[in-house]
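Working notes, structure below.
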Amino acid sequence: MKLQILVSMLLFVGVPASLRAEAPGGTLPEYRGEEKAAAAVSERNLLASDRFWPYQVALTSAVPAKAGSPPLEAGSVGVLIRVESNGAARIDFGRDGLLAVPVDKTDLVDRANRVRRGELEKIAPNLLLAIGPRLVDSAADTLRPLPFPEVSAARGVLGVFADPNSKELATLATELAPLREPDGVFTILFPLGEHPDAEVREKLRALKWTVPFVYDHLAEAYTKSLTDEGGTLPVLLLQTRDGRVLFQSSGKTGVMPELRAAIDAAFPHAPAQAVRAPKANPE
């Protein structure tokens with residue numbers, strides 16, 4: 001059920017702009033997805049062309065579905081989660097499951113070129129739009145959503161998938177504290193387990209690590225879509241604004257040197273607009 005909620009939430013990006021403006025977190029900042037002068041998108045450069053990835057893709061050939069289900073037919077539409085480093089497209093087909101599909105069995109390249117030419121609307125980077133309107137501001141004095149414009153300045157997203165009450169999260173909070181500096185990376189907690197939002201907020205404030213976090217009722221579904229099944233927890237996942245994976249670490253501490261190197265390699269220059277840093281001590 002929660003995975004179906006996530007799919008419905010991601011498909012939200014296809015509704016008319018007048019309705020999108022009523023989304024939790026506020027209206028969407030102006031964004032231009034087209035870049036006509038850029039090189040044409042192909043399977044060869046698709047991974048590096050994530051700024052042109054469309055929100056949804058359709059199958060052009062039938063593909064196997066999850067066990068016990070009939071194949072998905074050509075024309076089936078799903079939400080593009082990302083293109084993996086091996087070239088497969090990670091697509092969420094709702095009730096038919098989360099599948100890794102060969103790109104040549106989809107219209108992904110065609111749609112990406114339509115985004116590049118301005119023929120297909122793209123109103124915000126994929127990952128920011130999918131997650132941004134569903135965040136809680138742990139630095140606020142009251143339990144409230146984080147305004148989407150505060151997310152839109154991010155050049156990258158560091159997802160921390162962990163149980164708020166675990167010792168591992170307390171250690172990670174200390175290790176990741178240097179990322180409070182405005183280097184353009186937006187850190188987000190995906191709280192695992194059943195934890196009321198107010199409890200998660202208070203835990204983060206007690207740790208003096210007031211990063212935004214995903215609403216509890218959506219965290220499990222996001223985790224299933226964004227991380228690999230059966231991985232060791234906690235998981236750190238550094239992604240671009242559109243969801244391309246830059247760095248991933250599962251189940252270990254002492255990761256900061258590797259993570260810092262990945263951030264510096266991906267975002268070598270200071271961002272034009274600094275991302276809001278968590279407050280050192282909100283109390």
Any side-chain heavy atom of [X] sitting closer than 4.5 Å to one from [Y]?
| X | Y | result |
| --- | --- | --- |
| E220 | L192 | no |
| F213 | T187 | no |
| V211 | I188 | no |
| L128 | D242 | no |
| V214 | L189 | no |
| F52 | N113 | no |
| I263 | L238 | yes |
| L169 | T171 | no |

Of the non-hydrogen atoms in [X] and [Y], which two are nearest, and what is the gap between them?
| X | Y | answer |
| --- | --- | --- |
| T60 | D104 | OG1-O, 3.8 Å |
| T210 | S138 | C-OG, 2.9 Å |
| S225 | I81 | O-CG2, 3.7 Å |
| F186 | L135 | CE2-CD1, 4.3 Å |
| Y31 | R241 | CE1-NH2, 3.7 Å |
| L46 | W53 | O-NE1, 2.9 Å |

E199 bridged to K203 by N-O distance under 4.0 Å
no

For D197, is there an ion pair with R201 - N to carboxylate O distance below 4.0 angstrom?
no

Which residues satisfy the side-chain hydrogen bond (donor to acceptor under 3.5 Å, both in side chains) test with [X], sequence neighbours excluded?
| X | result |
| --- | --- |
| E119 | R117 |
| E84 | R82, R90 |
| Q248 | D228 |

Side chain of T227, backbone of K224: donor and acceptor closer than 3.5 Å?
no

Test your reading of the model: is there a side-chain donor-acceptor pair from D264 to the backbone of A261, 3.5 Å cut-off?
no

Could you go through the side chain to side chain contact (heavy atoms under 4.5 Å, CB included) check for L179 and L158 one step at a time?
CA-CA 10 Å; L179 295 183; L158 176 64; 3.5 Å; yes

Where do Y55 and L129 land on the side chain to side chain contact (heavy atoms under 4.5 Å, CB included) test, with the steps shown first?
CA-CA 10 Å; Y55 295 107; L129 184 58; 3.5 Å; yes

Go through the side-chain N and O atoms of H195 and D163 and say whether any donor and acceptor fall under 3.5 Å apart.
yes

Partners meeting ring-ring contact (aromatic ring centres under 6.0 Å, His included) with F161 (sequence neighbours left out):
F190

Give, for atom [atom1] of [X] and atom [atom2] of [Y], the distance between the pair rounded to the nearest 0.5 Å.
| X | Y | atom1 | atom2 | result |
| --- | --- | --- | --- | --- |
| D107 | L59 | CG | CG | 8.5 Å |
| L259 | S249 | CG | OG | 8.5 Å |
| N126 | D50 | CG | CG | 8.5 Å |
| L236 | L176 | CG | CG | 6.0 Å |
| R244 | S49 | CZ | OG | 9.0 Å |
| Q239 | L237 | CD | CG | 4.0 Å |

Could you work out, with salt bridge (charged side-chain N to carboxylate O under 4.0 Å, His left out) as the rule, every residue matching R32, not counting sequence neighbours?
E34

Would L108 and L80 count as a side chain to side chain contact (heavy atoms under 4.5 Å, CB included) here? Give the steps.
CA-CA 9 Å; L108 173 52; L80 176 66; 3.7 Å; yes

Kindly determine whether R51 and E35 satisfy side chain to side chain contact (heavy atoms under 4.5 Å, CB included), including the steps that lead there.
CA-CA 10 Å; R51 64 192 185 281; E35 191 178 333; 3.0 Å; yes

What pairs of donor and acceptor atoms, side-chain ones from residues 61-70 against any protein atom, are under 3.5 angstrom apart with sequence neighbours left out?
unit_1 : atom_1 : unit_2 : atom_2 : d
K66    : NZ     : R95    : O      : 2.8

